Amino acid sequence: MRDLKQLVKAYDVRGVVPDQWDENLSRAFGAAFVQVTGASAIVVGHDMRPSSPSLSRAFAEGAAGYGADVVLIGLCSTDQLYYASGSLDLPGAMFTASHNPAEYNGIKLCRAGAAPVGQDTGLSEIRELVESWTAADDTVTVPARDVAPGALSEQDTLRGYADHLLGLVDLTAIRPLKVAVDAGNGMGGHTVPTVFDGLPIDLVPMYFELDGTFPNHEANPLDPKNLVDLQARVREVGADLGLAFDGDADRCFVVDERGEPVSPSAITALVAAREIARARAAGEAEPTIIHNLITSWTVPEVVQELGGKPVRTRVGHSFIKQEMAVTDAVFGGEHSAHYYFRDFWRADTGMLAALHVLAALGGQPDTLSALTAEYDRYAASGEINSTVADQADRTAAVRAAYAVEGTEVDELDGLTVAGPDWWFNLRASNTEPLLRLNVEAKDPARMAELREGVLAIVRA
């Protein structure tokens, strides 16, 4: 029997099509989503993967069969779906597998106002319901429901999405900029032309053709090899900066005018500075900024220096969004290049972060590397993954070696050990036999020493 626990992850549905799921199962997820949320209407969008149109249509049919009206917005980025959920005040379903290879697909679900749906907020109930409808031979039979079927309608939200974002960042006075954008054949090729239309930007498009087979490179800018083409193009055309979006265009990575990657922590600090200034100008005494525990120490330092309040959280969008709701934070950032905005229903949008970078760069004469230098104060390892047989044993060994007198230790998310001018975090993957290591230090040599020392124990 199909194991839905392998398909339904902590925050979304993700698996290989048709081996792990297909239209019949998607139809069941649509019905279960309506039953669990009690929605009378929902909004559904999808990315450019070959399987996305049929899977999203089946989901919509399942939802309609359980009495919900369905607004189909068609091709969209994940943050465009969040815009639709927020502006229409409807629960939503986005069909995408983000940066995964072409044979994968998935569903990101949210309640009205783009509120996240994860294991603890409805996703496990949806899985259990679908499991109850699944027979031993993997056939899925959705029980009939004594309700009038909902109606399916179509709506274009791209222009509204663009206008909403442009209303949150003042770009009216920026100087002309040359911007190279690598969409990776993903949904950035759909959203960027509309959002950038009318701005003083000389756009250099790369891989804007929507192609879910990803013929040029994986749509995963977190992997340095997928930034190589953009870095080369920035240098070749003399661009002021480069932007790289992942497959569903909810994350944005930045390279400067030299073609050098700008740390997502530096982008978090830059955007935080702008959002603090905007909130304070509107009368907030101490605007709150959320950052996860693997962002650079630079982020809380900058926030405090500018009169904001930094709040540290676990890694993962559900923790960020939950803490933003509790604290009414104006902005939140993760080192994975997810950026969350109070004015965007606390949802993540790489496009809005990109617009902030354009506004900051275009509002002054310096280069991006000069502008971001003040937000790049430490040497960082980046995330390093190690395959281990016993995650708990290796973590305990690292703790024994480094959690000594004079250090600070916490277990908010994995093991974090900090000294006077360095820290590292070691976290276990929820889905794979991996330990993930992040190291930061004031001195590059000290960072390298810590990195190699911890890795030697992890991989022993």
Side-chain angles (χ1 to χ4, degrees), residues 10-11 222-224 251 253 261 263-269 272 289-304 310-323 332-340 375-388 390-460:
Y11 312 120
L222 190 59
D223 188 334
R251 287 187 297 158
F253 290 74
S263 162
S265 285
I267 298 300
T268 295
I289 302 294
I290 307 296
H291 65 99
N292 73 22
L293 53 76
I294 61 171
T295 53
S296 171
W297 269 352
T298 300
V299 175
E301 288 176 1
V302 167
V303 171
Q304 290 175 320
V311 173
R312 180 171 172 265
T313 74
R314 293 181 60 182
V315 174
H317 77 94
S318 64
F319 303 112
I320 295 276
K321 291 174 181 176
Q322 179 182 356
E323 199 63 36
E334 295 195 89
H335 196 66
S336 57
H338 281 287
Y339 305 107
Y340 307 79
Y375 305 122
D376 193 14
R377 304 175 180 179
Y378 297 88
S381 67
E383 190 155 274
I384 303 168
N385 291 318
S386 302
T387 301
V388 295
D390 190 333
Q391 297 163 320
D393 175 74
R394 291 298 85 205
T395 300
V398 170
R399 183 186 181 110
Y402 285 93
V404 297
E405 187 176 350
T407 64
E408 295 182 6
V409 180
D410 77 60
E411 295 177 309
L412 174 64
D413 191 354
L415 171 69
T416 301
V417 182
D421 57 0
W422 58 267
W423 63 268
F424 69 80
N425 172 265
L426 189 65
R427 297 160 31 247
S429 167
N430 291 322
T431 58
E432 301 172 272
L434 298 176
L435 283 175
R436 309 187 192 280
L437 174 67
N438 285 268
V439 183
E440 184 174 77
K442 192 70 175 177
D443 176 74
R446 181 63 173 135
M447 185 279 293
E449 178 187 10
L450 281 164
R451 179 191 64 205
E452 297 310 309
V454 175
L455 285 176
I457 298 172
V458 167
R459 297 174 176 178

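Here the structure is a predicted model, which means the values were calculated and not measured.
One finds the CZ atom of Arg436 at 9.0 Å from the CD1 atom of Ile294 (value rounded to the nearest 0.5 Å). Residue Thr313 holds its OG1 atom at 5.5 Å from CG of Asn292, rounded to the nearest 0.5 Å. In this structure, OG1 on Thr268 lies 11.5 Å from NE2 on His338, to the nearest 0.5 angstrom. Between the CD1 atom in Ile320 and the CZ atom in Arg314 there is a gap of 11.5 Å [rounded to 0.5 Å]. Distance check, rounded to the nearest 0.5 Å: CZ of Arg399 to OG1 of Thr395 gives 10.5 Å.
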Residues 412-422, side-chain donor-acceptor partners within the protein, below 3.5 Å, at least two apart:
from, atom 1, to, atom 2, distance (Å)
Asp413, OD2, Val315, N, 2.9
Thr416, OG1, Asn425, ND2, 2.8

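For Ser381, there are no side-chain hydrogen bond (donor to acceptor under 3.5 Å, both in side chains) partners two or more places apart in sequence or in a different chain. Not counting sequence neighbours, the partners of Pro310 by the side chain to side chain contact (heavy atoms under 4.5 Å, CB included) test are His291, Pro300, Val303, Gln304. Gln391 pairs by the side chain to side chain contact (heavy atoms under 4.5 Å, CB included) definition with Val388, Ala428, Leu435, not counting sequence neighbours. Partners of Ala401 by side chain to side chain contact (heavy atoms under 4.5 Å, CB included), not counting sequence neighbours, listed by chain and number: Ile457. Partners of Phe424 according to the ring pair (Phe, Tyr, Trp, His ring centres under 6.0 Å) rule, which considers only residues two or more places apart in sequence or in another chain, are Tyr402. Applying the side-chain hydrogen bond (donor to acceptor under 3.5 Å, both in side chains) test to Tyr378 and every residue at least two apart in sequence or in another chain returns Glu301. Partners of Asp376 according to the side chain to side chain contact (heavy atoms under 4.5 Å, CB included) rule, which considers only residues two or more places apart in sequence or in another chain, do not exist here. Take Glu408 and apply the side-chain hydrogen bond (donor to acceptor under 3.5 Å, both in side chains) test, not counting sequence neighbours, and it matches no residue. With sequence neighbours excluded, the residues forming a side-chain hydrogen bond (donor to acceptor under 3.5 Å, both in side chains) with Asp223 are Lys225, listed by chain and number. Remark: His317 engages Tyr11 in a ring pair (Phe, Tyr, Trp, His ring centres under 6.0 Å) (not counting sequence neighbours).
In this structure, Ala269 and Tyr375 approach most closely via the heavy-atom pair CB-CD2, 3.7 Å. Contact between Ser263 and His335 at its shortest, heavy atoms only, is OG-CE1, 3.3 Å. Nearest approach of Ala272 to Ile289, heavy atoms of both residues: CB-CG2, 4.0 Å. Between Gly333 and Tyr339, the shortest heavy-atom contact is CA-CD2, 4.3 Å.
Within the structure, every pair that satisfies the side chain to side chain donor-acceptor pair (under 3.5 Å) test and touches residues 440-460, not counting sequence neighbours, is listed here: Ser296-Glu440, Ser386-Arg459, Trp423-Glu440, Arg446-Glu449.
No side-chain heavy atom of Arg377 sits under 4.5 Å from any side-chain heavy atom of Trp297. Under the 4.5 Å side-chain criterion, counting only non-hydrogen atoms from C-beta, Glu383 is not in contact with Leu222. Asp410 places a side-chain heavy atom less than 4.5 Å from the side chain of Arg312. Leu426 is listed as a side-chain neighbour of Val458, based on a closest heavy-atom distance under 4.5 Å.
Under the 4.0 Å criterion applied to side-chain N and carboxylate O atoms, Glu334 and Arg251 are not assigned as salt-bridge partners.
Looking only at distances, no side-chain donor or acceptor of Asp393 sits under 3.5 Å from a matching main-chain atom of Ala396.
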